[in-house]
Amino acid sequence: MKNFENIKTPCYICEEELLEKNLKLLDHVQKESGAKIILALKGFAMWSTFPQVKEYLHGCTASGLHEAKLAFEKFGKEVHTYSPAYKDEDIDEIAQISDHVVFNSPSQLFKYSDRVKKINPDVSISLRINPEQSASPKDIYNPCGIYSRLGTTLANFDEEVLKHINGLNFHALCEQGADELEDVLVAFEEKFSKYFKGLKYINFGGGHHITKKGYDVEKLIKIIKDFKSKYNVEVYLEPGEAIGWETGVLVSSVLDIVHNGMDIAILDTSAEAHMPDTLAMPYRADVRDSGEALEKEFTYRFGGNTCLAGDIMGDYSFDKVLKIGDKVIFEDQIHYTFVKNTTFNGIKLPSLAIYRKDGTLEVVKEFGYEDYRNRLS
Ligand SMILES: *Cc1c(COP(=O)(O)O)cnc(C)c1O
């Protein structure tokens, strides 16, 4: 059992060994299926781990100029850039550093693809398709939901784009399995396979929960192999969550315990600022050694150290009484957390640390007042 007792909190700790386990599984998919997997920076962008990640993955997918620059500077393999809409002021720099530029609509593609190719003759151009098939559990995470702005539907597809593109992209899944991918592919192929001729690749997007226990990895491999041989194209996957899935924790400390109808522990972290998906999704993060409310003898509500009334992580129970200064460890907090963090209410951003395979803990980044001040003026 690792000892996080002496660590200064709050702190995210990514465990090298757990990250490696995910990367090895993803590499197994690459090797067996022939697909290339790239990291979606939107879900996981802890660049101090990139030397390890790039041993296995082929590059990164970026959602605009800043993520593309991070991919180019810190990862340095393939850079795929997709943005719902590009701006004039960004597109030239994006063209310079991207290997793939993916457009969301025919109008954006017609506006910029010649300009991008002029700057970077080797670039691949693609259009994001909306296959209009998704089983996404929540509307906020459903790119194929009603009135979605993400991707081009068949009705809006313009065959003129075929002169410009080398591939097609879709992204339709969120924390889903190979069965759901199969359903998306049925819809995608039915609508768009007539346009595959001459294309070099199809990008299956992210949302593949490959590293979650129970994911049918062998089925995914078969789907990709069948698709590749049927259409003679390369296949890309670009998961984010699956890379950071269950690779580490957020460690916080109990600052005070107050009582108002129940026991409430105030922590030196925040659901709103540091675990935003617990409020947005919403979901209940697991806490180490805890149970559901009232399941164990001592139940506490965990609240953040901001003045937002709703900054609540949930109710948790323990075998022992909690004391001021105790550590509270939130499980699985490495994806979609620090990439979304804010300095709301001026509360300090958690540090970033790596728990190395040799058992040492390296704090790779600490934040302070300046990070709050420099976002304001
Ligand atoms: C968010 C996103 C991904 C990654 O999704 P995960 O659910 O983190 O795997 C990949 N591609 C695109 C276009 C995205 O928007």
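The first residue of the sequence shown is numbered 1, and numbering continues consecutively from there. In this text the structure is predicted, and so the values were computed from the model without any measurement. Order of listing sets the numbers, starting from 1, for every ligand and every atom in it.
- Between E297 and K320 there is no salt bridge, since no side-chain nitrogen of the basic residue lies less than 4.0 Å from a carboxylate oxygen of the acidic one.
- For ligand 1, the polar-atom distance check finds an N/O of G207 within less than 3.5 Å of one of the ligand's N/O atoms.
- For R128, no nitrogen or oxygen atom sits less than 3.5 Å from a nitrogen or oxygen atom of ligand 1, counting backbone and side chain alike.
- Using cut-offs of 30° and 60° on the angle between ring planes, the pair F188 and F192 is tilted.
- The pair R115-D88 meets the salt-bridge criterion, since a charged nitrogen lies less than 4.0 angstrom from a carboxylate oxygen.
- The pair D114-K118 does not count as a salt bridge, with every side-chain nitrogen at least 4.0 angstrom from each carboxylate oxygen.
- For ligand 1, the atoms lying closer than 4.0 Å to a non-hydrogen atom of K42 are 1 (C), 2 (C), 3 (C), 14 (C), 15 (O).
- Residue G240 approaches ligand 1 through these ligand atoms, each under 4.0 Å from one of its heavy atoms: 4 (C), 6 (P), 8 (O), 9 (O).
- Heavy atoms from other residues, nucleotides or ligands lying under 6.0 Å from CZ of F50 number more than 12.
- By the 4.5 Å heavy-atom criterion applied to side chains, T61 and L39 are not counted as neighbours.
- Here is the list of ligand 1 atoms found below 4.0 Å of a heavy atom in E241: 6 (P), 8 (O), 9 (O).
- Taking a cutoff of 4.0 Å between a charged side-chain nitrogen and a carboxylate oxygen, K228 and E234 do not qualify as a salt bridge.
- The shortest contact between atom 4 (C) of ligand 1 and any protein heavy atom is with A40 CB, 3.5 Å.
- Heavy-atom separations between G206 and ligand 1 include at least one value shorter than 4.0 Å.
- The side chain of H171, and not its backbone, has at least one atom closer than 4.0 Å to an atom of ligand 1 (non-hydrogen atoms only; side chain from C-beta on).
- Of all atoms in ligand 1, numbered sequentially from 1 with element shown, those under 4.0 Å from a heavy atom of E238 are 3 (C), 4 (C), 10 (C), 11 (N), 12 (C), 13 (C).
- Every atom of ligand 1 with a heavy atom of Y336 under 4.0 Å away is listed here by number and element: 1 (C), 4 (C), 5 (O), 6 (P), 7 (O), 8 (O).
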